Amino acid sequence: ERKGHFISGKFDPLQQATPLSAIDAAFDEYTNSVIQQGPQTTLEIKKTIIDAINTDIGVLTEVFPCLCKIIGKPTTAPVKIGPMAAQNRFRFL
């Protein structure tokens, strides 16, 4: 059985210079919600995220630093690549 969570963020015209600000706000709300559910839920979500993303976790935490509240700081930084390749890598995740 697969479970999912619906998260939402609101576009803020004052933040339009910040890429993905609405998604970042949604992830921030989600991470706070997970933490409020207690350490057991946080560990379960952490394991699920790490199992799904594995070695590319640094890519997500670089774009959405609030995820570090759940999964911790990644041990390795994402490999630096060109802008087009970075965009394609992000879409793949």
Side-chain angles (χ1 to χ4, degrees):
E1 178 181 322
R2 298 181 86 182
K3 295 181 181 181
H5 295 274
F6 179 80
I7 62 174
S8 65
K10 183 177 179 185
F11 176 74
D12 183 357
L14 299 175
Q15 293 291 326
Q16 67 185 11
T18 306
L20 306 172
S21 64
I23 297 171
D24 187 45
F27 271 122
D28 191 46
E29 185 177 319
Y30 172 71
T31 56
N32 290 335
S33 170
V34 168
I35 291 168
Q36 288 177 353
Q37 293 177 36
Q40 182 63 35
T41 301
T42 303
L43 287 174
E44 290 171 8
I45 298 295
K46 175 182 178 175
K47 182 183 178 335
T48 302
I49 292 172
I50 290 173
D51 288 349
I53 305 299
N54 200 6
T55 58
D56 291 326
I57 202 73
V59 174
L60 280 184
T61 57
E62 189 174 89
V63 178
F64 307 114
C66 59
L67 287 175
C68 291
K69 295 177 193 175
I70 295 175
I71 60 173
K73 189 157 179 80
T75 56
T76 57
V79 176
K80 299 294 180 191
I81 55 179
M84 271 314 258
Q87 186 176 19
N88 288 336
R89 175 174 64 182
F90 186 73
R91 284 183 182 161
F92 176 72
L93 292 176

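No experiment lies behind these values; they were computed from the predicted model shown.
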Any N32 side-chain heavy atom under 4.5 Å of C66 side chain: no

Has E44 got more than 12 heavy atoms of other residues, nucleotides or ligands less than 6.0 Å from its CD? yes

Least distance between heavy atoms, K69 atom then I35 atom: CB-CD1, 3.5 Å

Ignoring hydrogens, what is the shortest heavy-atom contact between T42 and V34? Give both atom names and the distance. OG1-O, 3.4 Å

Got D28 and T31 here, is their nearest side-chain heavy-atom distance under 4.5 Å? yes

Just verifying a value: how many Å separate I71 CD1 and L60 CG, rounded to the nearest 0.5 Å? 7.0 Å

What distance separates I49 CD1 from I70 CD1, expressed to the nearest 0.5 Å? 5.0 Å

